[in-house]
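Presented below is the structure to which this report refers.
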Number of protein chains: 2
Amino acid sequence: MTRGQQGGRAAQAEARRAAIIDAATTLIAERGYQGTSLAAVADRVGLTPAGVLHYFPSKDALLSGVLEARDRWDFAAFVGRLTDARLTHLEQIVEYNAERPDLVQAFTVLAGESVTEDHPAREFFTERYAKARADFAALLRAEFGDHLPGGLTPERAAPLLLAVMDGLQVQWLLARDDIDLAAACRDFVSLLSPTQREQT
Amino acid sequence: MTRGQQGGRAAQAEARRAAIIDAATTLIAERGYQGTSLAAVADRVGLTPAGVLHYFPSKDALLSGVLEARDRWDFAAFVGRLTDARLTHLEQIVEYNAERPDLVQAFTVLAGESVTEDHPAREFFTERYAKARADFAALLRAEFGDHLPGGLTPERAAPLLLAVMDGLQVQWLLARDDIDLAAACRDFVSLLSPTQREQT
DNA sequence: GTCTATAATAAGATAGAC
DNA sequence: GTCTATCTTATTATAGAC
């Protein structure tokens, strides 16, 4: 039974790593990256700080693991399906995010921290946003063509779309009863849609 | 000369407090609130940590001072002139903010941190956003009336406007060469404007 | 693979000298 | 009003036992 349902030793180590990343993500959501200690992560997975450092050689390496896990999730949920991407699909992601406030909170906190100097997540978010702007521009062009309301182009609207999604998350996390994440996102898309304007 | 150009002892104490708040704001921008130590603040104003604690009895009290100073600035710049507020005025504020990336960065970091549990700035940002949504809705109604593009009302557009301004700041701080804060803000306003749609 | 033990810093805050 | 000195606690990370 040493090679049970989880497979061999390597697979067990992978499961441990995943559990540590999970715990770290939750704690980052609750206390931020700077506010998260290795001791707290270790407690959550039933290890000591030294035990955690066996899987991730430093706290920064653990953060990298958290960010990479998010990237894999994003890829599976969105970028991997970009060939058939539609704005409705983007709205589905928003709805799915609304079911995972812990994940949204972790990455809202990290994005905020990332603008500080020499933050270990700064490069990650810089590249992530640049890529998101390019992806969103392509999405908007596929959906609406070259000419958007207000005389905007997809390239000029893309940062706005990204900003709205990000900014709404902050407001939602601070006032979940007042903000409907998915509905507000749809509201913004309706501003971009040439066909739906002036509806009552 | 003991009562020189700065006034009496009370005024000198106020000047000290202001200098400490200034230093703290800069350091929060550079390293976040959790990453800012009293020792670093003290260094910047030529005091020891104990000296700083003479003016602010705790680190949290110092943060409150930073937030109150921002509130006073906001009031002078925006809320205090709400009677004659126009969207063009809001755009002037964005342009002014673009000249003060340090302030923008400090409050972007703090807003991100504030969504964590028991953060000392959480209540501040919760109330600030709620008030901003109400103010923006009134502003949009005064400017455009009850009916906005996409079938939106001022109340539904206000959180979007707030989200765009916030989200653009994050993108701008991470890629100042790629994002034109004021221009992007105007782009969004043009989406809300009933008269300017479909311009080329 | 996980631990104990410990190193090496650093934090916020207090007491009391000056 | 500001300092020195100190308390107390927490941090990341390493070395080496088991």
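A, B, ... follow the sequence lines: proteins, then strands. Residue 1 opens every chain.
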Practice task
Measure from the side-chain heavy atoms of B:S58 and tell me the nearest of D:dA13, C:dA13, C:dA11.
Solution key: C:dA13
Practice task
Describe the nucleic acid contact of B:G46 in one word from base, sugar-phosphate, nothing, applying a heavy-atom distance below 4.0 Å.
Solution key: sugar-phosphate
Problem - Whole angstrom value for the distance that separates C1' of D:dG1 from CG of B:L47 - result: 9 Å
Exercise for the section: Tell me which of B:G51 and A:Q34 sits closer to the 5' end of DNA chain D, going by the nucleotide each one is nearest to. Expected result: B:G51
Exercise for the section: May I have the distance from B:L27 (atom CG) to C:dA11 (atom P), rounded to whole angstrom? Expected result: 12 Å
Exercise for the section: Verify whether the ring centers belonging to B:F107 and B:W73 lie closer than 6.0 Å. Expected result: no
Exercise for the section: Supply the atom-to-atom distance B:Y33 OH to B:L63 CG, rounded to the nearest 0.5 angstrom. Expected result: 5.0 Å
Handout entry: Atom-pair distance (CZ on B:F56; P on C:dA13), nearest Å
Key = 13 Å
Exercise for the section: Ignoring the backbone of A:A50, work out which of C:dA13, D:dA15, C:dA11 is nearest its side chain. Expected result: D:dA15
Practice task
Could you state the atom-to-atom distance from OH of A:Y33 to P of D:dT12 in whole Å?
Solution key: 8 Å
Practice task
Grab the CG-P distance between B:L38 and D:dC3 for me, whole Å please.
Solution key: 13 Å
Exercise for the section: Grab the NE2-P distance between B:H54 and C:dA13 for me, whole Å please. Expected result: 16 Å
Practice task
Select one nucleotide: of C:dG1, C:dG12, D:dT4, the one nearest the side-chain heavy atoms of A:A13.
Solution key: C:dG1
Practice task
Round to a whole Å and report the spacing from CG of B:D43 to P of C:dA10.
Solution key: 12 Å
Practice task
Specify the separation, in whole Å, of atom NZ of B:K59 and atom P of C:dA11.
Solution key: 9 Å
Problem - Below 4.0 Å: OP1/OP2 of D:dT11 and any side-chain N or O of A:S37 - result: yes
Practice task
Go through the steps to decide whether A:R100 and A:D102 satisfy the test salt bridge (charged side-chain N to carboxylate O under 4.0 Å, His left out), and finish with yes or no.
Solution key: CA-CA 5 Å; A:R100 295 294 308 270; A:D102 53 332; 3.3 Å; yes
Exercise for the section: List the steps and the verdict of salt bridge (charged side-chain N to carboxylate O under 4.0 Å, His left out) for B:R141 and B:E155. Expected result: CA-CA 9 Å; B:R141 174 162 282 112; B:E155 279 69 27; 2.9 Å; yes
Handout entry: Matching residue for B:M165 among B:V94, B:L181, B:N97 - test: side chain to side chain contact (heavy atoms under 4.5 Å, CB included)
Key = B:V94
Exercise for the section: Looking only at side-chain atoms of B:L53, point me to the closest of C:dA13, D:dG1, C:dG1. Expected result: C:dA13
Exercise for the section: Specify the residue among A:P57 and B:V52 whose closest nucleotide of DNA chain D lies further upstream toward the 5′ end. Expected result: B:V52
